[in-house]
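In this text, all values refer to a predicted model and were calculated from it rather than measured experimentally. All residue numbers in this chain count up from 1 along the given sequence. Hydrogens, waters and symmetry mates play no part in the numbers below; they use all other heavy atoms, side chains included. As the structure lists them, so they are numbered: ligands from 1, and atoms in each ligand from 1.
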Amino acid sequence: MLFTDLGLSESILRAISEEGYTSPTPIQEKSIPAVLKGGDLLAAAQTGTGKTAGFTLPILQRLSTTAKAGGKRQLRVLILTPTRELAAQVQESVVTYGKYTGLKSTVIFGGVGANPQIKAIAAGLDILVATPGRLLDLMSQNCVSLANIEILVLDEADRMLDMGFLPDLQRIIDLIPAQRQTLLFSATFSPEIKKLAQSYLRTPVTVEVARQNAAADTVKQVVHMVAASDKQRAIVKVLEARTLAGLSRQCIIFTNSRLGCAKLSRALERDGIKAGAIHGDKSQGERTLTLDAFKSGAIEALVAT
Ligand code: AMP
């Protein structure tokens, strides 16, 4: 199947083709037609399956074909995500795929100043991507109205529940018109997710895609058995071996605690490896700077919880 078979408009197809994508992923093949039909959707899909475009593309299509003429823009789509990073990523997709549609969007999340976000909302928007906490915060200041929302997306709903956002979600959803389209994405269909879906979705179409191969074919997986006290040295050795082989040392290292994360990052720095740490004690500004430095190559080892 090709993207051109899905009934998407010229402006959206152009943006997709500029990204270099020709064929929809399995989740996109199933979710795009379902969302275009206007009904609710319950989708089991993990990150990496292309789920973001799976809801972004048909939403852009629905908004641009039913554009409200004249007057100030009204907020018609709300996309809720569990984390700031995911919110920023989803917003990037909305901007990328929607660049020829003339639709306006913004992203709001905590940890950064609210004023630029308030200004962007006041200027008029079609689509808002938000984390629940900051959204409620701005709603309580009467900066956001959900009275005209037509489509609600709960992205990574299982993680939102894991993070204790259920009461926040309930408060938010209660203020959205009942006459709406609701799309729920979750990696799992746990009993809690089923209950959430029963409360807020109406006769949803259910789509499920098998988890794609966890690692790309180009990834070689290796296990090194080392004593805890040797772990740092082992990492340094692996990275040094890559330098000797003329390979890039860029890597992501996951740790299980904030303290361990900070310690490992400092230890790598002492060994001459440009490292940066990302964990919950870092401000959003610091996290963004570190991610950008990793993307630009200024940081070789990104150490993260
Ligand atoms: P997601 O699961 O939404 O986080 O997307 C995973 C990655 O797949 C992102 O980097 C997308 O840019 C990419 N992607 C999304 N749709 C396609 C497609 N149809 N073909 C190739 N890559 C895609």
- Purely on distance, is any nitrogen or oxygen of G50 under 3.5 Å from one on ligand 1? yes
- Item | Any N or O of Q28 closer than 3.5 Å to N or O of ligand 1 | yes
- For ligand 1, which atoms have a heavy atom of T52 less than 4.0 angstrom away? 1 (P), 3 (O), 4 (O)
- Task: For T66 and R76, test the side chains for any donor-to-acceptor distance below 3.5 angstrom and give the result as yes or no.
- Result: yes
- Query: In the protein, what heavy atom is nearest to atom 9 (C) of ligand 1, and what distance, to one decimal place, separates them?
  - Reply: Y21 OH, 4.6 Å
- Message: Using a 3.5 Å cut-off on N or O atoms only, is Q89 in polar contact with ligand 1?
- Response: no
- Task: Please check if the distance between the ring centroids of Y21 and F3 is under 6.0 Å.
- Result: no
- Message: Using the rule given for salt bridge (Lys or Arg N to Asp or Glu O under 4.0 Å), can you reason through K51 versus E156, listing the C-alpha separation, both sets of side-chain angles and the distance that settles it, and then say yes or no?
- Response: CA-CA 10 Å; K51 68 178 167 67; E156 303 204 353; 3.2 Å; yes
- Note on the structure: Taking only non-hydrogen atoms of T47 and a 4.0 Å limit, the atoms of ligand 1 in range are 2 (O), 4 (O)
- For F3 and ligand 1, does the shortest N/O to N/O distance drop below 3.5 Å? no
- Message: Show the atoms of ligand 1 that are less than 4.0 angstrom away from any heavy atom in S23.
- Response: 18 (C), 19 (N), 20 (N)
- Any protein heavy atom lying closer than 4.0 Å to atom 15 (C) of ligand 1? yes
- Item | D230 bridged to R233 by N-O distance under 4.0 Å | yes
- Item | Lys/Arg-Asp/Glu bridge criterion (N-O < 4.0 Å) met for R258, D281 | yes
- Query: Does a donor on one side chain and an acceptor on the other come within less than 3.5 Å for Q91 and S105?
  - Reply: yes
- Which heavy atom of the protein is the closest neighbour of atom 6 (C) of ligand 1, given with residue, atom name and distance? G48 CA, 3.8 Å
- Which atoms of ligand 1 have any heavy atom of K51 under 4.0 Å away? 1 (P), 2 (O), 3 (O)
- Task: Measure the OG1-CD1 distance between T56 and I127 for me, rounded to the nearest 0.5 Å.
- Result: 8.0 Å
- Message: Check this for me, if you would: do R249 and E240 make a salt bridge, where the nitrogen-to-carboxylate-oxygen distance has to be below 4.0 angstrom?
- Response: no
